[in-house]
Structures are given as structure tokens and as C-alpha cells.
Amino acid sequence: RIREPGRLAVRGPGMRAFADVRRRVAIARVSRELVEEREQFRGNVLEMLALWLLTGLDRVPLHAAAVVRGGTSLLLAAPSGVGKSTLTYAALRSGLRVLSEDTVFLQESPVPRVWGLGGFVHLHPDAARFFPELRSLPPRRRANGDLKLAIHTPPITAGIERAGICLLARGDAAGMERAAPEEVERAVAAELDAGFDRFAKTIGPRVRRIAGGGAWRLILPPSPGDGVPLLHRMLDEVERSPRHSD
């Protein structure tokens, strides 16, 4: 992988790719065999090039899922393994839409917006014990080698201007409490995973701006469905937030 300011050139098994942020263009030449490996092609070619272009165009990535109700979004921030994806799927079953299961992009100009890279929710095969309809779904191997259940979700192609955020943690029973925007900013900055830490200097103010619309700590119970009513309560409060009043 070769990186220059605003440019990316990559060579790998069955592929050569190039992206240029200034020209807003990405080109890839791939083998037929790689295209037929759909998860590898999606993750190692399409998403890689799309993410490179997005992060160079005022779209700072945050390791968070996001659900949407109407024109309001709630970001679910937590390190890997806490349960963002299972909660996101439980929210989908309740009627919410999925903006993203793992990464959102925070835009500042011309107005603050939240964007997603949706299309799927990927769950650990053990999640089928909570969701009986998934028991017959065969797991797929993702680009990173993990076996996951892949559930297609209709993508949301518009940016969301009305948003709040909650920090997820595991617990024995569902619970929520308000959090100050600066508290959320500090928590997110302290838990930046590899790759996301490239944006450590710019992500904080954007997270604080989102938290100004509503911020919470959410205790995620063993059964993800038990946390969904709290998501709806938080969305209610974001919609009533003075910052978002019409």
C-alpha cells in the first residue's frame, strides 16, 4: 500500500487500485475470482476505496452504529465486542432503520450531518439464540476472516442533521442516564481503535456537537431486545431537544 497526501495506491492478490481525493475518483482493476468472493471484494476493494475518499472530504469516521427514526438518528458508540450490532439488529426488528452498524461519518460543512455506510448488519452466529429467524441463516466469512451472519438492510443515502449519541456498556439489566457532551467527548477520545485514531485531533469537537442534541450512557442487558425501548426514549428526547426545535 502506497500513500501520498490525498492519494492511495494499493496492490494485492487479484487487484490493483488507485484513489485520489482531490479529483474525487477511485479506480480498481480486479480479477474475476476476487469479484466472485463477494465479501472480500466488498470489504477489500469497494469499501476501502469509498472510505479513503470519504475521509478526505470532510467526513470524519467514528466507531459507532447508528439507528434512525423519521429524520432523527441515535449513535451507539462502544468498543468492539460490547454489542453494537446485536442492539442495532434488535432496533431494526422494532421498526427503526439502520444508518450504519459499525462506522458513521461526521460532517461539519456546510451544516453538521451524520452519514452511514450501511447495507448490512453482521452478527456473531451465537446471536441466533436471541433471534429465532436467524437460525437457518448460514454464516459468511468476512474480509477480516470472521464468520458472521449477514442481514441485508435498506441503505440510507441521505445525511441526518438531527442526532444524539449514547455510550454503550454491558450490564445485568437495561438502564440509561444522561451524560454531559464533554464527558462523551472524553470517553470517545479515550477509546479510539486503530485507524480511527488517525482522526484524534478532529473527532472530539464533532462528537461534542452531536452530544449537544442529546447524550446518554446506556447499559446493555444480556438480551439486546430489552434495550430497544430505551433507544426509543432517547430518540424522543433528541426530537424534543431545543437545539433541534423547528
Side-chain angles (χ1 to χ4, degrees), residues 3 5-6 8 21 47-48 50-68 72-88 91 98-118 121-122 144 159-171 174-220 227 230-231 233-235 237-238 241-244:
R3 291 181 179 176
L8 174 71
V21 171
E47 288 188 354
M48 176 193 66
L51 292 177
W52 179 262
L53 293 178
L54 285 171
T55 55
L57 296 171
D58 188 35
R59 305 289 192 275
V60 174
L62 173 66
H63 189 191
V67 294
V68 173
T72 303
S73 179
L74 183 67
L75 279 58
L76 314 175
S80 299
V82 170
K84 294 189 301 296
S85 294
T86 50
L87 180 60
T88 299
V98 176
L99 182 66
S100 181
E101 66 152 350
D102 190 65
T103 303
V104 295
F105 299 87
L106 307 185
Q107 168 193 338
E108 285 288 276
S109 180
V111 295
R113 290 191 179 98
V114 180
W115 298 82
L117 189 66
V121 173
H122 294 90
N144 61 5
I160 307 297
E161 296 183 20
R162 178 180 294 175
I165 185 170
C166 70
L167 304 174
L168 300 183
R170 289 184 181 274
M176 59 177 277
E177 63 179 13
R178 276 280 187 175
E182 57 271 18
E183 176 188 355
V184 174
E185 179 185 5
R186 287 195 301 269
V188 169
E191 298 177 344
L192 293 176
D193 291 340
F196 295 93
D197 56 0
R198 290 177 51 216
F199 304 91
K201 295 181 178 179
T202 54
I203 192 63
R206 300 184 186 217
V207 168
R208 192 191 317 173
R209 184 185 295 274
I210 295 294
W216 296 265
R217 289 188 178 274
L218 172 65
I219 303 301
L220 187 60
L230 299 183
L231 299 185
R233 283 177 56 186
M234 285 182 266
L235 285 164
E237 294 193 36
V238 175
S241 169
R243 206 193 78 178
H244 296 307

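Note that the numbering runs from 1 along the sequence shown for the chain.
Counting only heavy atoms from C-beta outward, the side chains of R208 and V184 never approach each other to under 4.5 Å. At a threshold of 4.5 Å between non-hydrogen side-chain atoms, the residues L167 and E183 do not count as touching. Between L75 and V188 there is no side-chain heavy-atom pair separated by less than 4.5 Å. Between E161 and S73, every side-chain heavy-atom pair lies at or beyond the 4.5 Å cut-off. Two residues are said to be in side-chain contact when any heavy atoms from C-beta on lie closer than 4.5 Å; H63 and L192 fail this criterion. Within the 4.5 Å cutoff, no side-chain heavy atoms of C166 are placed close to those of M176.
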Which is it for W216 and V238 under the side-chain contact (heavy atoms from CB on, under 4.5 Å) test, yes or no, and what are the steps along the way? CA-CA 11 Å; W216 296 265; V238 175; 3.6 Å; yes
Applying side-chain contact (heavy atoms from CB on, under 4.5 Å) to L231 and L87, what does each step give before you reach the verdict? CA-CA 10 Å; L231 299 185; L87 180 60; 4.0 Å; yes
Let me see the working for L62 and R206 under side-chain contact (heavy atoms from CB on, under 4.5 Å), right down to the final yes or no. CA-CA 10 Å; L62 173 66; R206 300 184 186 217; over 6 Å; no
I would like to know whether V21 and L8 meet side-chain contact (heavy atoms from CB on, under 4.5 Å); could you show each step before the answer? CA-CA 9 Å; V21 171; L8 174 71; over 6 Å; no
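Between the side chain of R217 and the backbone N or O of A169 there is no donor-acceptor pair closer than 3.5 Å. With K84 contributing its side chain and L76 its backbone, the two residues share no donor-acceptor pair below 3.5 Å. The backbone N or O of E108 sits less than 3.5 Å from a side-chain atom of D58, completing a donor-acceptor pair.
Minimum interatomic distance between L230 and G175 (heavy atoms only, all atoms of both residues): CD1-N, 3.7 Å. Residues S85 and E101 share a closest heavy-atom pair of OG-OE1, 3.2 Å. The heavy-atom pair separating W115 from G159 by the smallest distance is CZ3-N, 3.3 Å. Across all their heavy atoms, P61 and T103 have their closest contact at CB-CG2, 4.0 Å. Considering every non-hydrogen atom in both S241 and G212, the closest pair reads OG-O, 4.1 Å. Nearest heavy-atom pair across G116 and S100 is CA-CB, 4.0 Å.
Surrounding CZ of R178 are more than 12 heavy atoms belonging to other residues, nucleotides or ligands, all under 6.0 Å away.
In this structure, the separation between CG on L74 and CZ on R233 is 12.5 Å, given to the nearest 0.5 Å.
Paired with L99 under the rule side chain to side chain contact (heavy atoms under 4.5 Å, CB included), one option of V67, T88, V114 passes, and it is V114.
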